[in-house]
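Notes for the one structure printed next.
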Amino acid sequence: MSESQVWNDVDDHFTSLLAPADEALAAALRDSDAAGLPPIAVAPNQGKLLRLLAEIQGARRILEIGTLGGYSTIWLGRALPADGRLVTLEYDPRHAEVARGNLARAGLAEVAEVRVGPALESLPKLADENPEPFDFVFIDADKVNNAHYLDWAVRLTRPGSVIVLDNVVRGGAVTNATSTDPSVRGTRAALELIASHPRLDGTAVQTVGSKGYDGFALARVHA
């Protein structure tokens, strides 16, 4: 049995036991696939982790950068209390349309707002609205701009807020200081920002599973 098959089998076991799909989650993946969206949504056990982290945080306001078909958005939206709010930013109008349908079916249409356009244009507009600070931020968009997204996340949060940055391992290439891959360079810049930013304290973890060899960074905002 190959190493990757072992990873998949373990993920399947954890998912069936601890994060089984319901119809809304399963349909979100089906509809995303039918619409031709890339199969890069978080794994079910990873989605469950996001929900638990947001619940542990006691999040009332969540910001997501990178919606895709709304699968992770559903997990995060389910962490919110009745008066909670989630804003998710998606570059592609077609992806946003699929996500809105998936969120509506999951009963989250009144909770989650999908904003369309480049996130680096949407984020300043969001800041101009002087919103209540976000308690939890999930960054899972184009990796080139990871450091910029992280910087905006700090601006839009409060002391005690939590930020999760996905896909930080880049197949191990994150260690390559001379890489010319824009995604690697963007991810390295974000990790270096976590390390140097006076308002951030964080770590990064490698993972294996149905999504292959990857990982995420976790940071907490300080005053």
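Taking CD1 from Ile163 and CZ from Phe136, the interatomic distance works out to 10.0 Å, rounded to the nearest 0.5 Å. Distance CD/Glu121 to OH/Tyr91: 9.0 Å, rounded to 0.5 Å. Within the model, atoms OG1 of Thr88 and CG of Leu108 stand 11.5 Å from one another, a figure rounded to the nearest 0.5 Å. To the nearest 0.5 Å, atom NE2 of residue His95 and atom CG of residue Leu37 are 4.0 Å apart. To the nearest 0.5 Å, atoms CG (Leu126) and CG (Leu89) are separated by 7.0 Å. Here the OG-OH distance, from Ser4 to Tyr213, works out to 15.0 Å after rounding to the nearest 0.5 Å.
Considering every non-hydrogen atom in both Ser32 and Ala28, the closest pair reads OG-O, 2.7 Å. Considering all non-hydrogen atoms of both residues, Lys211 and Pro39 come closest at NZ-O, 3.5 Å. Of all non-hydrogen atoms in Thr15 and Pro44, the two that sit nearest each other are CG2-CB, 3.5 Å. Closest approach of Ala109 and Ala104 over heavy atoms only: CB-CA, 3.9 Å. For the residue pair Ala147 and Leu193, the shortest heavy atom distance occurs at O-CD2, 3.6 Å. Closest of all the heavy-atom pairs between Ala217 and Ile194 is CB-CD1, 4.0 Å.
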ask   = Checking side-chain hydrogen bond (donor to acceptor under 3.5 Å, both in side chains) for the pair Asn8/Asp11: CA distance, chi angles, key distance, verdict?
value = CA-CA 5 Å; Asn8 290 343; Asp11 255 13; over 6 Å; no
inquiry  = Working note: Tyr149 + Asp142, criterion side-chain hydrogen bond (donor to acceptor under 3.5 Å, both in side chains); need CA distance, chi angles, decisive distance, verdict.
reply    = CA-CA 10 Å; Tyr149 297 148; Asp142 61 297; 2.4 Å; yes
inquiry  = Using the rule given for side-chain contact (heavy atoms from CB on, under 4.5 Å), can you reason through His197 versus Val154, listing the C-alpha separation, both sets of side-chain angles and the distance that settles it, and then say yes or no?
reply    = CA-CA 10 Å; His197 200 293; Val154 176; 3.8 Å; yes
task = Applying side-chain contact (heavy atoms from CB on, under 4.5 Å), run through Arg115 and Val87 and close with a yes or a no.
result = CA-CA 7 Å; Arg115 298 193 179 192; Val87 176; 4.0 Å; yes
request  = Run the numbers on Glu64 and Ser72 for side-chain hydrogen bond (donor to acceptor under 3.5 Å, both in side chains), then give the verdict.
outcome  = CA-CA 9 Å; Glu64 180 182 49; Ser72 57; 2.5 Å; yes
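Around the CD atom of Gln5, the shell of radius 6.0 Å holds more than 12 heavy atoms that belong to other residues, nucleotides or ligands. Around the NE2 atom of His13, the shell of radius 6.0 Å holds no more than 12 heavy atoms that belong to other residues, nucleotides or ligands.
Ion pairing of Arg60 with Glu55 is absent here, as no side-chain N (NZ or NE/NH1/NH2) approaches a carboxylate O to less than 4.0 Å. Salt-bridge formation is not detected for the pair Asp214/Arg170: no Lys NZ or Arg NE/NH1/NH2 atom is positioned less than 4.0 Å from an Asp or Glu carboxylate oxygen. Between Glu192 and Arg185, no side-chain nitrogen of the basic residue sits less than 4.0 Å from a carboxylate oxygen of the acidic one, so the salt-bridge criterion is not met.
Proximity of Trp75 to Leu25: side-chain heavy atoms (C-beta onward) are separated by under 4.5 Å at one or more points. Residues Trp7 and Ser2 have side chains not in contact (no heavy-atom distance under 4.5 Å, counting atoms from C-beta outward). With a 4.5 Å cut-off on side-chain heavy atoms, Phe216 and Leu165 do not count as touching. Put simply, the side chain of Thr187 does not reach to within 4.5 Å of the side chain of Asn167, judged on heavy atoms. Looking at Val174 and Val168, their side chains never come closer than 4.5 Å, going by heavy atoms from C-beta outward. With a 4.5 Å cut-off on side-chain heavy atoms, Ile65 and Asp140 do not count as touching. When side chains are defined from C-beta on, Val205 does not count as touching Leu218, because their heavy atoms never get closer than 4.5 Å. Here the side chains of Ile139 and Asp166 are not in contact, with every heavy-atom distance at 4.5 Å or above.
Without hydrogens or angle criteria, Gln57 side chain to Ala54 main chain gives no donor-acceptor distance under 3.5 Å. Side-chain atoms of Arg105 do not come within 3.5 Å of backbone N or O of Glu23 as any donor-acceptor pair. Listed for the Thr67 side chain is no donor-acceptor partner under 3.5 Å among the backbone atoms of Gly70. Looking only at distances, no side-chain donor or acceptor of Lys143 sits under 3.5 Å from a matching main-chain atom of Val184. For Ser179 (side chain) and Asn176 (main-chain N/O), no donor-acceptor pair under 3.5 Å exists by modelled atom type. Judged by distance alone, with hydrogens and angles left aside, the side-chain atoms of Glu90 form a donor-acceptor pair with the main-chain N or O of Leu68 at under 3.5 Å.
In this structure, Leu103 is a member of the same hydrophobic cluster as Val42, with clusters built from ILVMFWY side-chain heavy atoms closer than 4.5 Å. Note: the hydrophobic cluster containing Leu123 does not contain Phe138 (ILVMFWY, side chain heavy atoms under 4.5 Å, direct or indirect links). Following chains of ILVMFWY side-chain contacts shorter than 4.5 Å, one cannot reach Val162 starting from Val221, and the two form parts of different hydrophobic clusters. Linking ILVMFWY side-chain heavy atoms closer than 4.5 Å, directly or via other members, places Ile74 and Val98 in two distinct hydrophobic clusters. Hydrophobic cluster membership is shared by Tyr71 and Leu53, with clusters built from Ile, Leu, Val, Met, Phe, Trp and Tyr side chains linked at under 4.5 angstrom.
The side chain to side chain contact (heavy atoms under 4.5 Å, CB included) test with Val111 is passed by exactly one of Leu76, Thr73, Leu80: Leu80. For the pairing with Glu113, the salt bridge (Lys or Arg N to Asp or Glu O under 4.0 Å) check across Arg61, Arg85, Arg100 returns one residue only, Arg85. Among the candidates Val137, Asp135, Leu63, the single residue satisfying the side chain to side chain contact (heavy atoms under 4.5 Å, CB included) test with Thr157 is Val137.
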